[in-house]
Structure formats: C-alpha cells, structure tokens
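Residue numbers begin at 1 in each chain, while the letters A, B, ... track the order of the sequences.
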Number of protein chains: 2
Amino acid sequence: MNKHTSLTMDLTKNQSLVMNALSDAKTPLSAYTILDVLRDHGFRAPLQVYRALDKLVEFGLVHRLESLNAFVACQHPSCEGEKNETILFTICEKCGSVQELLSDKLVGAMRNLADEIDFTLKESVIELRGICSNCKDH
Amino acid sequence: MNKHTSLTMDLTKNQSLVMNALSDAKTPLSAYTILDVLRDHGFRAPLQVYRALDKLVEFGLVHRLESLNAFVACQHPSCEGEKNETILFTICEKCGSVQELLSDKLVGAMRNLADEIDFTLKESVIELRGICSNCKDH
DNA sequence: ATGCCACACGTTATACCATTACGCAATTAT
DNA sequence: ATAATTGCGTAATGGTATAACGTGTGGCAT
C-alpha cells in the first residue's frame with residue numbers, strides 16, 4: 001500500500017506527499033519546486049512544504065543539502081529514526097545526482113579533529129562537489 | 001597604510017570596504033548585514049556587496065559558509081591567491097565564532113573516499129556545528 | 001460529556017538571500 | 001583612436017524561508 005517503512009505509515013498526508021515527491025526525484029528538489037509539483041494535490045503556500053520538510057528531516061527520512069538549498073530523500077535506511085551526526089554527500093555538478101555516504105573513517109577523522117581543538121561536535125555538513133562516475137565517461 | 005597584504009593593495013575601493021568589514025567582524029556576516037554596515041560609506045544596493053564578495057572569494061581572501069549564507073575573512077594566509085580545495089570550518093552555535101582549519105589528514109580522507117567511488121572531487125564544503133572551547137566552559 | 005491541550009493545517013504577509021538587465025565611466029590592449 | 005575589459009550604480013526581479021494569525025481535529029483528564 002505504501003512504499004515506505006513503518007515509520008512512514010505515521011506520516012500525515014502532506015508529509016507523505018512531500019516524501020513521495022522527493023523519493024520520485026532523481027535529484028534534490030528545492031522547497032519551491034516541491035510546491036509546484038504538489039499544486040495539483042492542493043498545495044498553495046511554501047509553509048505547507050517547509051512544515052512537512054521539517055518533520056521529515058527530524059525523522060531522518062530527508063536530508064537538507066546546504067550548498068544547494070535543496071532536499072533529498074534519504075538513501076540509507078539506517079538514518080530513519082536516528083539523527084546521524086556525520087553524513088557525507090557527493091553532488092555531481094553535471095547531472096545533479098547526489099550520493100549519500102556513511103564512512104566510519106570519516107567520522108573518526110572528524111572526531112579527532114574536533115577533539116584536537118576542543119570543539120564539541122554536534123552535527124556536520126559535508127558536501128563534496130565534483131563529477132560522478134557516470135558523467136565522467138562522457 | 002593598509003592592514004592587508006600585497007594582493008590586498010590591488011583591491012578596489014568597494015572590495016576594500018567589504019574586506020575590512022569582514023576583518024573587523026567577530027562572526028560571519030551576511031551580504032545584507034555588510035550592506036547595512038557600509039551604508040555610511042555610500043553603499044546602496046546588494047549588488048555592490050555581492051560583486052565585491054565574488055572577487056574576494058575568488059582571491060581566496062574570503063570564504064562563504066554555505067550553512068549560514070554568510071561570509072568570513074580568511075584566517076589562513078596561505079589561502080590567498082590559491083583556490084583551496086578542502087577547508088574545514090567549525091561554527092560555534094553559541095557565540096557564532098568560526099574557526100578555519102586545513103588538515104592534511106582530512107584532505108587525504110576526502111580524496112580516498114572520492115577515489116573509492118570514482119568521484120572526481122572539485123571542491124568540498126565541510127562545516128562542523130557545535131560548541132567552541134571558549135563557550136563550553138560557561 | 002466538557003474542557004483542555006497538542007498538533008497539523010491553511011492563508012497572508014513579510015523578511016532574507018541573490019541575480020538579471022541596463023547604462024555609464026575608467027583602464028588597458030591593439 | 002578605438003575596441004575590449006572591468007568596475008560601478010540603480011532598478012527590478014527572482015528564489016528561499018519564517019512570522020503571525022486563526023481553524024479544525026483527536027486524545028484524554030476530570
């Protein structure tokens with residue numbers, strides 16, 4: 001009935017609509033793009049989108065890409081329910097695709113760096129810009 | 001005469017004004033905050049600020065913080081003149097201060113990760129949110 | 001059942017961030 | 001000299017995000 005998981009069953013109508021819009025997209029979507037996509041479903045105002053996005057991000061189902069002012073559906077099931085402190089995203093500047101990575105090595109490197117300067121790490125934004133393997137060959 | 005380095009001598013009037021505004025600030029400034037600060041010096045429109053910022057970023061004298069939509073003066077002399085691929089910023093959520101770090105270890109970790117997934121890295125955005133050592137003790 | 005509370009929702013207005021388009025002036029290269 | 005480049009000023013517009021208001025609904029303690 002629903003293509004998402006148990007937590008997803010608890011989403012409200014607006015939250016589900018936004019979630020599905022993001023899941024169907026091949027690239028990140030801005031809030032206003034989502035608004036346009038969902039006009040046929042009754043969306044009229046930005047706040048409807050932002051409120052849904054806030055919750056979805058809180059649930060770990062959606063991530064915000066700071067360098068794009070845009071949002072992607074989480075590709076990594078383990079994010080759901082838990083706030084993940086360190087996720088890395090690659091963003092292809094050619095096709096716009098985003099890949100999500102969880103790397104223990106990277107998390108370790110971050111922690112060490114933070115420790116060294118006595119910085120209490122709460123959350124990290126790591127977004128790598130470049131060309132993905134697909135686009136590279138063309 | 002001028003508190004900056006040789007390259008800085010070549011800055012235009014507007015670029016110098018923006019540069020000084022950022023150098024004097026203890027935290028990152030948004031473009032519109034800079035505009036307000038410089039109204040007494042004749043600034044009237046956002047574009048005056050953005051054009052100066054574009055150049056300063058290009059010169060490596062200023063960095064943009066994606067997660068804040070704001071700008072900081074470079075703290076690391078070596079940035080000047082060269083585009084640095086991987087810089088890390090810590091952002092204190094209490095006092096708003098930013099620290100800039102260049103870590104070979106981190107650069108290495110990034111390169112390895114990118115190589116593993118055959119991603120051609122062009123530029124990275126790394127911004128750690130948390131509490132700085134100063135604020136932690138209060 | 002009543003009243004209260006929390007929560008999602010809808011709408012309007014506004015604030016904040018950034019760029020496009022146009023024209024002018026100064027500088028440099030040919 | 002003249003063309004090309006660069007910086008500048010102004011106005012208009014586009015894109016991103018939140019504040020402030022009020023409505024409706026469901027849970028639940030009394």
Q.
Can you see if the side chain of B:T12 gets near the phosphate of D:dT6 - specifically, an N or O under 4.0 Å from OP1 or OP2?
A. no

Q) Taking CZ from B:R39 and P from D:dG9, how many angstroms apart are they, rounded to a whole number? A) 13 Å

Q) Choosing from D:dA17, D:dG9, C:dC9, which nucleotide comes nearest the side chain of A:N14? A) C:dC9

Q. Between B:A70 and B:R51, which is nearer to the 5' end of DNA chain C once each is assigned its nearest nucleotide?
A. B:A70

Q. Would a 4.5 Å heavy-atom cut-off, applied to side chains only, mark B:I91 and B:L68 as touching?
A. yes

Q) Is the shortest distance from a Lys or Arg side-chain nitrogen in A:R51 or A:D54 to a carboxylate oxygen in the other one below 4.0 Å? A) no

Q.
Could you tell me if the side chain of A:F119 sits less than 4.5 Å from the side chain of B:L128, heavy atoms only?
A. yes

**Q.** Under 3.5 Å donor-acceptor pair, B:Y32 side-chain atoms to C:dA15 base atoms
**A.** no

Q) Within less than 4.0 Å of OP1 or OP2 of C:dC17, is there a side-chain N or O belonging to B:R64? A) no

Q) For D:dG7, does OP1 or OP2 lie under 4.0 Å from any side-chain N or O of B:K13? A) no

Q | Separation of atom CG in B:L11 from atom C1' in D:dT6, rounded to whole Å | A | 15 Å

Q: Give a yes/no answer on whether the side chain of A:N69 brings an N or O atom under 4.0 Å of OP1 or OP2 in D:dA17.
A: yes

Q) Can you tell me if the side-chain N/O atoms of A:S30 get under 4.0 Å from OP1 or OP2 in D:dT16? A) yes

Q. Would you say the ring centroid of A:F89 lies under 6.0 angstrom from that of A:H63?
A. yes

Q: Could you state the atom-to-atom distance from CG of A:L35 to P of D:dG14 in whole Å?
A: 16 Å

Q) Under 4.0 angstrom, heavy atoms only, what part of the nucleic acid is A:R44 near: base, sugar-phosphate, or nothing? A) sugar-phosphate

(Q) Strictly below 4.0 Å, N to O, side chains only: are A:E127 and A:R129 in salt-bridge contact? (A) no

Q. Taking only side-chain nitrogens and oxygens of A:Q48, does any of them come within less than 4.0 Å of OP1 or OP2 of C:dG10?
A. yes

(Q) What's the closest nucleotide to the side chain of B:Q15 if the choices are C:dT11, C:dA18, D:dG7? (A) D:dG7

